[in-house]
2 protein chains.
Amino acid sequence: MAITENTEVTETITNAEWCVMRIVWTLDEADSHTIIDLVSQQHDWKAATIKTLIGRLVKKGALATTKNGRQFIYTPLIPEQTAMDAALTGQLDQMCAMCRGQAFVHAIDQTELSQADIQELITHLQEKLATAPTMIACDCLPDGYKGSC
Amino acid sequence: MAITENTEVTETITNAEWCVMRIVWTLDEADSHTIIDLVSQQHDWKAATIKTLIGRLVKKGALATTKNGRQFIYTPLIPEQTAMDAALTGQLDQMCAMCRGQAFVHAIDQTELSQADIQELITHLQEKLATAPTMIACDCLPDGYKGSC
DNA sequence: GATTAGAGTTTACATCTGTAAACGTAAAGT
DNA sequence: ACTTTACGTTTACAGATGTAAACTCTAATC
C-alpha cells in the first residue's frame, strides 16, 4: 500500500496559503527560495510572511519536506484538484440547495473556460439530465418547515 | 434614486453568518425570536450565539432593521443570489485559471441540479462555446514564467 | 405601579488568519 | 578557524470568527 495517501482532506487551506500551494502545485517541487521569490512577485508580502505560510502548510500536512543539503524541497501532499474540489464543494454546501444551479450559471458566465472544458461540462450535464429531478427543494429551513428562496 | 441600494458587496459573510442569512432570505423578513428558533433547530448554538451573529450582520449592512414595538424585524439588505455569486467567484478566483473547468466538472458532478437548471447551464455553455478559447493558460506563476498545473 | 421577561447591546475569550520580526544554527565563503 | 549567509523555527500581534454569558432596558403582566 502507498505510504503517503491523503484521502482525508482534514485541514483547510486558507486564502493566503493557497498562493503558496499554487506555486508548489505548478512546479511540483520547489525549495523555499523559489517559493519566496515567485510568491513575492505576485503579492506584496515579506519573505518572513511566506516562510510562515510554508511552515503552516507543512504542519497541516499539505506540503511534504525532503532534506536537500542545508535546505528543504517542498512537494504537495494533497492534489490540487482535490483541494479545489473541497473548496468549491464546501462553499456550495453552505448555500441553499435550490439556488445552487443559478449560482453555477452565474459563476460559469464569469469564468473563462476552454472549448474542451465546455464540451466536457455539456456532456456531463447531458448525462445528468437523464436522472435529474424536476426540482430541488429549498433546504434553508429546518425539517418540517416549507419555504423557498 | 433608491435609498438602500447595495451594489458593492463590501463585507464578507462568514460561514456561521450564512446560516442566519439563509433563514432571513428564505422568510424575507423575520424577528429575532423566529431566527433564533429556526437556526437553533439546525445548529447546536445557544440563543446568545445567534444574537451575536444577527448583530454582526446588522453592523455589516447585510441585514436591515425595522422597529416593531419592542423588537425588530430583520430583512436582507443584500440579495441571496449576489452573495452566492460573490462567494463562488471569490473561491474560483483563487484557483488556477487553467483548472477551473475541471473544478466545475467535479462540483457539478456532486451537486443535485434540477432539469431546468441543467438545461439552462447547457444553453449558457453552448453559447459560451462559440467564443471560447482553445485553451486557458495556467496563471499560477508570475508573469514571464511559463508552467502548467 | 412594581415586577418580570424578553429583545437588543456589551463584554469575553479562545482560535484562526494575515502579516512579520527575531532567533538559532548549520553551511559557505575567506 | 572565523565570519557571514541563509534556511527553518519561534515568537508577536492585530483583526476576524465561533461561541456565549452578562447586562440594560422597555414593554407586558400582576
Side-chain angles (χ1 to χ4, degrees), chain A residues 9-24 29-75 83 86-87 90-91 93-94, chain B residues 9-24 29-75 83 86-87 90-91 93-94:
Chain A
V9 180
T10 352
E11 312 266 6
T12 344
I13 293 169
T14 72
N15 284 2
E17 287 162 4
W18 264 85
C19 304
V20 171
M21 287 305 292
R22 285 179 64 178
I23 298 293
V24 186
E29 58 170 58
D31 56 25
S32 72
H33 175 272
T34 307
I35 298 175
I36 290 172
D37 181 28
L38 296 180
V39 172
S40 53
Q41 280 181 60
Q42 307 176 294
H43 302 271
D44 197 18
W45 293 339
K46 300 288 145 86
T49 302
I50 302 166
K51 283 187 198 180
T52 301
L53 296 173
I54 294 174
R56 287 182 185 165
L57 285 165
V58 171
K59 184 186 297 182
K60 282 186 184 180
L63 288 179
T65 55
T66 314
K67 196 124 213 164
N68 174 248
R70 73 242 146 240
Q71 57 182 83
F72 285 147
I73 305 264
Y74 298 94
T75 44
Q91 198 61 241
D93 284 349
Q94 200 143 239
Chain B
V9 180
T10 353
E11 311 266 4
T12 344
I13 293 169
T14 73
N15 284 1
E17 287 162 5
W18 264 84
C19 304
V20 172
M21 288 305 292
R22 286 179 64 178
I23 299 292
V24 186
E29 58 171 59
D31 55 25
S32 72
H33 174 273
T34 307
I35 297 177
I36 289 171
D37 181 28
L38 296 180
V39 172
S40 52
Q41 280 180 59
Q42 308 176 295
H43 302 271
D44 196 19
W45 294 338
K46 301 287 146 85
T49 302
I50 302 166
K51 283 188 196 178
T52 301
L53 296 173
I54 294 174
R56 288 183 184 164
L57 285 165
V58 172
K59 183 185 299 182
K60 282 187 185 180
L63 288 179
T65 55
T66 313
K67 195 124 213 162
N68 174 247
R70 74 243 145 240
Q71 55 183 87
F72 285 147
I73 306 262
Y74 298 94
T75 44
Q91 199 59 243
D93 283 350
Q94 199 142 239

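Bear in mind that the values here come from a model prediction, so they are computed numbers and not experimental data. Order of the sequence lines fixes the chain letters, A, B, ..., with proteins taken first and strands second; residue numbering starts at 1 for each chain.
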*Flag the pair A:Lys60 / A:Thr14 as yes when at least one side-chain heavy-atom distance between them is below 4.5 Å, and no otherwise.*
yes
*Got more than 12 heavy atoms from elsewhere within 6.0 Å of NE2, A:His33?*
no
*Using atom CD1 of B:Ile36 as one end and atom C1' of C:dG6 as the other, report the distance to the nearest whole Å.*
10 Å
*asked:* Check the phosphate of C:dT19 against A:Thr49, side-chain N and O only, distance under 4.0 Å to OP1 or OP2. Yes or no?
replied: no
*So, do B:Ile35 and B:Ile54 sit near enough that their side-chain heavy atoms are less than 4.5 Å apart?*
yes
*Take the protein atom NZ of A:Lys46 and the nucleotide atom P of C:dA20, then report the distance between them rounded to whole Å.*
5 Å
*Using a 4.0 Å heavy-atom cut-off across all strands, classify A:Thr14 as base, sugar-phosphate, or nothing.*
sugar-phosphate
*Between D:dT19, D:dT17, C:dT19, which nucleotide has the shortest distance from any of its atoms to the side chain of B:Trp45?*
D:dT19
*Rounded to whole angstroms, how far apart are CD1 on B:Ile13 and C1' on D:dG18?*
16 Å
*Separation of B:Asn68 atom CG from D:dT26 atom C1', in whole Å?*
14 Å
_Test item: A:Tyr74 and A:Leu57 side chains (from C-beta on) under 4.5 Å apart, heavy atoms_ = no
*asked:* Between P on C:dT19 and NE2 on A:His43, what's the gap in Å once rounded to a whole number?
replied: 9 Å
*Are side-chain heavy atoms of A:Gln42 and A:Ile23 found at a separation under 4.5 Å?*
yes
*To the nearest Å, give me how far apart CD (B:Gln94) and P (C:dT17) are.*
12 Å
*For B:Lys59 and C:dT9, give me the distance from atom NZ to atom P, rounded to whole Å.*
10 Å
*Rounded to the nearest angstrom, tell me the gap between atom CD in A:Glu17 and atom C1' in C:dT19.*
13 Å
*Assign a letter to each nucleotide of nucleotides 4-12 of chain D from its 5' end: B, base within under 4.0 Å of a protein heavy atom; S, sugar-phosphate only; -, no contact.*
---BBB--B
*Under 4.5 Å between any side-chain heavy atoms of A:Lys46 and A:Thr49, yes or no?*
yes
*Donor-acceptor side-chain pairing of A:Asp37 and A:Thr34 below 3.5 angstrom*: no
